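So the structure is just underneath, and the comments pick up after that.
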Amino acid sequence: MFRNQYDTDVTTWSPAGRLFQVEYAMEAVKQGSAAVGLRSKTHAVLGAVNKAASDLASHQRKLFRADQHVGVAIAGLTADGRVLSRFLRNECINHSFVYESPLPVSRLVVQLADKAQVCTQRSWKRPFGVGLLVAGLDETGAHLYYNCPSGNYFEYQAFAIGSRSQAAKTFLERRFQEYDTYSREDLIKDALFAIKETLQGEKLTAQLCTVAIVGEGEAFHIIDQQTIQEYIDAMELSTGGPDEEAAAAAPPSAETQEGGEGASSEPAPMDI
Amino acid sequence: MALRGDWMYENNGGTCVAIAGIDYCVVAADTRLSVGYNILTRDHSKICSLADKVVLASSGFQGDIRALHKNLAARHLLYQHQHNKQMSCPAMGQLLSNTLYYKRFFPYYAFNVLGGLDNEGKGCVFTYDAVGSYERVGYSTQGSGSSLIMPVLDNQLKSPSPLLLPARDAVTPLSETEAVDLVKDVFASATERDIYTGDKLEIVVINASGIKREYLELRKD
């Protein structure tokens with residue numbers, strides 16, 4: 001169609017001032033399975049949906065620890081995400097080695113964003129096809145950032161990326177204003193609620209999701225399945241008010257673009 | 001005491017000992033830091049806890065020792081990221097050897113003794129020279145007081161049976177408390193005659209329940 005003329009190269013601008021390759025890379029993020037993040041003043045939680053390509057396969061890792069105080073959740077091309085996680089780990093270790101203190105999260109995301117930007121300005125490279133939710137704790141408190149393939153990054157109180165993330169975002173939009181004072185347990189529960197939103201009807205179990213937390217006095221770690229199942233069981237016992245509204249209000253998010261498979265229960269091929 | 005303007009090392013003295021038991025490992029070092037005939041501090045630890053089951057004690061030049069410990073700690077973090085588990089003592093043993101040989105032509109002036117539990121939970125001690133030559137042994141000592149201590153450990157811990165030839169360093173049948181008492185005794189003796197050893201003794205015991213630390217006052221002269 002129209003845009004195909006200017007989308008071959010990442011170093012070609014369109015007349016409207018857009019870099020289509022970068023935008024296509026952001027589409028890849030929307031194809032990946034969902035990841036959510038939320039934070040309070042003292043804790044940050046990341047959650048991801050574990051979708052396996054088939055019943056025979058195991059699911060892809062979406063949550064990575066970068067250091068004691070920082071971790072990431074990825075959505076999109078998981079291979080790109082793995083490589084970037086390795087980069088993040090290296091940066092954290094290098095900083096700790098030289099300065100004997102943890103790398104502030106804001107600096108880590110800038111380094112990550114600069115690395116992503118390089119790939120948007122070289123003709124022999126392509127942008128990373130992965131979005132990262134970076135959650136960490138430093139001297140200024142808990143933080144949650146979203147890093148785009150474009151090289152942009154934003155700080156959030158709560159966010160969701162990947163397929164059907166709009167449902168989770170709608171849920172988070174209603175609740176985020178109280179998150180600053182939320183306890184760690186309530187943060188985890190809301191993260192699970194948000195993940196449940198993206199499943200759209202499918203029953204939430206501990207096998208289907210992974211949740212990690214970092215906070216004051218608590219190094220970044222993935223919470224074990226049993227504890228998650230206990231949280232889920234506790235949630236199901238209480239009235240599911242928010243979910244019912246969200247399920248009715250949020251239509252399936254627009255991922256049926258040119259590249260999209262259209263299938264809502266199978267992961268996009270690039271996520272494998 | 002550097003006669004050349006470009007001498008890049010300094011010996012800060014001190015002694016380290018490690019003894020491997022059936023299900024524990026004792027690693028000990030004194031806490032005196034000296035240069036020449038002076039004492040810089042009486043309270044400096046030469047022991048570094050690298051992993052759950054791995055402890056490194058080094059004597060020699062503190063600048064190099066500090067850098068070496070940092071290097072290994074960073075490598076251990078990378079290992080944990082990649083393999084999702086802590087390094088075992090034999091793995092760390094190999095890593096230390098490679099790290100030391102990497103600087104074969106400008107060595108770390110560090111004399112190391114690595115102690116911990118191996119993959120089967122048995123006590124494990126590795127002893128090194130400055131450029132990475134290493135060997136798994138039942139006990140070892142390095143540093144300024146090593147020549148005073150080693151013969152005593154040989155006497156107490158070397159395999160007693162004359163039927164076992166050559167006499168092998170086996171993991172000692174001594175209990176944990178007996179081994180700790182032996183360590184205290186040898187350090188008290190070394191302190192008497194070695195000017196670089198003394199002040200305080202730091203004893204670290206690694207066993208299945210984790211890492212435990214203990215201190216003992218030594219002669220301060």
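Source: prediction; values computed, not measured. Below, read A as the first sequence line, B as the second, and so on, with proteins coming before strands; counting in each chain starts at 1. Just so you know, these numbers use all the heavy atoms, side chains as well, and skip hydrogens, waters and symmetry mates.
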- Message: Using the side-chain contact (heavy atoms from CB on, under 4.5 Å) definition, which of the options B/Val27, B/Ile65, B/Val113, B/Leu50 pairs with B/Leu56?
- Response: B/Leu50
- Note on the structure: So OG1 of B/Thr191 and CZ of B/Arg219: to nearest 0.5 Å the spacing works out to 9.0 Å
Here's a test: name every donor-acceptor pair under 3.5 Å between chain B and chain A, with the distance for each.
unit_1, atom_1, unit_2, atom_2, d
B/Lys70, NZ, A/Phe97, O, 2.5
B/Lys70, NZ, A/Glu100, OE2, 3.0
B/His81, O, A/Arg89, NH1, 3.4

- Task: Find the distance between OH (B/Tyr9) and CZ (B/Phe61) and round it off to the nearest 0.5 Å.
- Result: 8.5 Å
- Between B/Arg32 and B/Asp30, is there a side-chain N and carboxylate O pair less than 4.0 Å apart? no
- Message: Among residues at least two apart in sequence or on other chains, which ones pass side chain to side chain contact (heavy atoms under 4.5 Å, CB included) with A/Ala73?
- Response: A/Ala35, A/Leu46, A/Leu63, A/Leu133
- Take B/Ile203 and B/Val180 through the test side-chain contact (heavy atoms from CB on, under 4.5 Å) and record every step on the way to the result. CA-CA 8 Å; B/Ile203 306 173; B/Val180 170; 4.1 Å; yes
